[in-house]
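Being a predicted model, the structure only gives us computed values, none of them experimental. Quick note on labels: first sequence line is chain A, next is B, and so on, each numbered from 1.
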Number of protein chains: 2
Amino acid sequence: MPAASSRLLRLLSLLQSRPEWPGADLAQSLGVTTRTVRRDIDRLRELGYRIDSLPGVAGGYRLSVGNRLPPLLLTDEEAVAIAVGLRTAAGGTIHGLEESSVQALAKLERVLPVRLRHQVKALQAATVPMTAATGPTIDPDLLTQLATACYGHERVSFGYTGSGGERTGRRVEPYRLVYTSWRWYLLAYDLDRDDWRTFRVDRVRGPVRREHRFTPRELPMDDVRAYVSRAVSHHPYRYQATILLRAPVRRLAEGLPPTAGQLEAVDDTSCLLRTGANSLDKLALYIGLMGADFEVLEPAELRDHVRALAERFARGSVVTADPERT
Amino acid sequence: MPAASSRLLRLLSLLQSRPEWPGADLAQSLGVTTRTVRRDIDRLRELGYRIDSLPGVAGGYRLSVGNRLPPLLLTDEEAVAIAVGLRTAAGGTIHGLEESSVQALAKLERVLPVRLRHQVKALQAATVPMTAATGPTIDPDLLTQLATACYGHERVSFGYTGSGGERTGRRVEPYRLVYTSWRWYLLAYDLDRDDWRTFRVDRVRGPVRREHRFTPRELPMDDVRAYVSRAVSHHPYRYQATILLRAPVRRLAEGLPPTAGQLEAVDDTSCLLRTGANSLDKLALYIGLMGADFEVLEPAELRDHVRALAERFARGSVVTADPERT
DNA sequence: GGAATTGAGGACAGAAGCTGTCCTCAATTC
DNA sequence: GAATTGAGGACAGCTTCTGTCCTCAATTCC
């Protein structure tokens, strides 16, 4: 066994677990002399890691930010936290990171011990993310399976529900997972139809069966995301709303994330919000939390929903229940 | 430069990036013969990695799930996704993972290249998590600084705002970060008061200045979390509410996360919810969106708030604005 | 069943690298 | 100035590595 290689990983692990190590402590932990530790530090530096040092009393070594990310040595708890966080992010809660979150999750889960995998699932079941704009909920296992198949160039087969509700079996060569318009899409080559297809991942019906590997074809487009975006429906939200808000635009804009909608001033004391959501409840909740008087200009069904909520709130602010019975 | 060590890292990176590699491909990528690749595979196995192999046509090597989590080699995008996901989780969105999320985040950010750090901050600024029960928002930088100081046994000094509003400067030896009752606490030894103190992290006023390292003292308690929980106020929420809901408990319970409150049946058609929040707005809207008629039993100020919302929603469902002007 | 394609692993020569020891020098803190 | 840290060269002795060559085993496809 190459003692040097093994020792370098252990040295990296030590340096990551605590920022400051005198050379003598490292030597003792690794079972070598301080001269060898200095050689090992040189080796890690040659591999691209940035290790700062300070001679003198209270001196020692410290792993620093360099140009290259070192291999991350994680404890069980840290790995679970990362996996759950990435699963949550794969659901669309962190705009712009969905695809790399699924890639990182797939990479981690390919090597995550089984005992930790159960823990990840249990913790995620207890997590209920709520965002202003979400698409259908997707099982992260499905995403990581598809992500792994994409990178491994492995054919897969699965059940699929078309837009008209018809169920078909599909055999495909998967190429890319794309998150756009608050949904996951899979760009794949359909073997039975002998052509490229874009699949809505929320319409894939498990299980996904892995098959033989394939030689990747040249993609027929340069920009996969643009291609997928053109192929999908142009109405990501079921409801589009226009709201008049009775507050200065400046006061509201500072609390508004860019994904939440479009805000423009009407005059000094009011502004217009154009936003969207898939649920009248979420739309109402979102508007109610903005802390300003408002009027729903469009759609009429949102006005009806807001009126119904107003009546429910009015009833809720009156106590008719007998306190003795509760 | 130790070619073997460098090559092992490259081999690991190759195996993590794609699941299936014939030995000849690995040899070509690494610039050695297949015999040396087989030796390298043996070396990784001795380091604890589980690498499966399959001889024969379409054979090759694959990194598998073992008993031990191997060092993770991440791309820039994956590292950014993990960092942002952990920062979000540190805010309390994933119950039970706050502390390990901050530990993992501190570990990652100690080595994250500067060019990626800016990206992480920009992406997180665009993320607005909203949960049913939240404490004060804390800058993740502060958390990772404190976490790093804890593990590095480094004294720190910072400004602090007491519960009465008084501003003091503090010099402490930090020991543990604890997340409980929807807030972050720091258990530290106060050098000026020569005693243990528990600090609310949201009351720490930056910057946190690192000072000399210290020799850790023996903690005066066995269970740090229990100690901190006893030391904090027993009213994590500013508002505690009791709500009568006019729906069967079974229908509501299935959509209720365990952190959201305590639900108990009154009779076949109604139940009682005891919950809390720090914002009357969030409390009211949260209850309003449970999909059931309700009555606010306690507190009276919540009833007042719900009545005000009812009026706002009633006004909001009537259009008075001139459509031509918008 | 044989061919082709993969992995497994021993033996060997020649080359390369590693470690501990010893030492001088430099930097920092008390 | 003493004590405590890191830096790094020189050297002997030892260890390890790589490529080559080879036999054997397993798998898939024709």
Rounded off to whole Å, could you give me the CD1-to-C1' distance for the A:I41 and C:dC18 pair? 16 Å
Can you check whether any acceptor in the base of C:dG20 is under 3.5 Å from a donor in the side chain of A:R35, or vice versa? no
Return yes if a side-chain donor-acceptor contact under 3.5 Å exists between A:Y189 and A:D194, otherwise no. yes
Salt bridge flag under 4.0 Å for residues B:E99 and B:R225: yes
According to a strict under-4.0 Å criterion, is B:R43 in side-chain N/O contact with OP1 or OP2 of D:dC17? yes
Tell me: CG of A:D52 to P of D:dG6, nearest whole Å? 13 Å
Return no unless some side-chain N or O of A:T34 is found under 4.0 Å from OP1 or OP2 of D:dG6. no
Toward the 5' end of DNA chain C, by each residue's nearest nucleotide, A:G56 or B:G56: B:G56
When both hydrogen-bonding distances must be under 3.5 Å and the geometry is Watson-Crick or G-U wobble, what is C:dC25 paired with, if anything? D:dG6
Within this structure, what is the CD-to-P distance between A:E46 and D:dG8, rounded to whole angstrom? 11 Å
For a quick test of reading the model: is some side-chain N or O of B:T36 closer than 4.0 Å to OP1 or OP2 of D:dC17? no
For A:D40 and C:dG17, give me the distance from atom CG to atom P, rounded to whole Å. 15 Å
Polar side chain donor-acceptor pair, A:T36 to A:R38, under 3.5 angstrom: no
Return the pairing partner of D:dT16 with a 3.5 Å limit on both distances, Watson-Crick or G-U wobble; otherwise return none. C:dA15
Under 3.5 Å, is there a donor on one side chain and an acceptor on the other for B:Q103 and B:S100? no
Residue closer to the 5' end of DNA chain D, A:D42 versus A:G59 (nearest nucleotide): A:G59
Looking only at N and O atoms, is any donor in the side chain of A:R38 or the base of D:dG8 less than 3.5 Å from an acceptor on the other one? yes
Please tell me which of A:R39 and A:R45 maps to the more 5' nucleotide of DNA chain D, matching each residue to the nucleotide holding its nearest heavy atom. A:R45
Determine, using ring centers only, whether B:F214 and B:Y175 are less than 6.0 Å apart. yes
Separation of B:L30 atom CG from D:dC17 atom P, in whole Å? 16 Å
Using only side-chain N and O atoms of B:T33, determine if any of them is under 4.0 Å from OP1 or OP2 of D:dG19. yes
Taking atom P of D:dA7 as reference, at what distance in whole Å does atom CG of A:L26 sit? 11 Å
Can you tell me how far C1' of D:dG6 sits from CD of A:E20, to the nearest Å? 12 Å
Considering just the side-chain nitrogens and oxygens of A:S53, establish if one lies under 4.0 Å of OP1 or OP2 belonging to D:dT5. no
Round to a whole Å and report the spacing from CG of A:L15 to P of D:dG6. 12 Å
Just by distance, no angles: are the side chains of B:S64 and B:R62 close enough, under 3.5 Å, to form a donor-acceptor pair? no
Would you mind classifying the nucleic acid contact of B:L54 as base, sugar-phosphate or nothing, using non-hydrogen atoms under 4.0 angstrom? sugar-phosphate
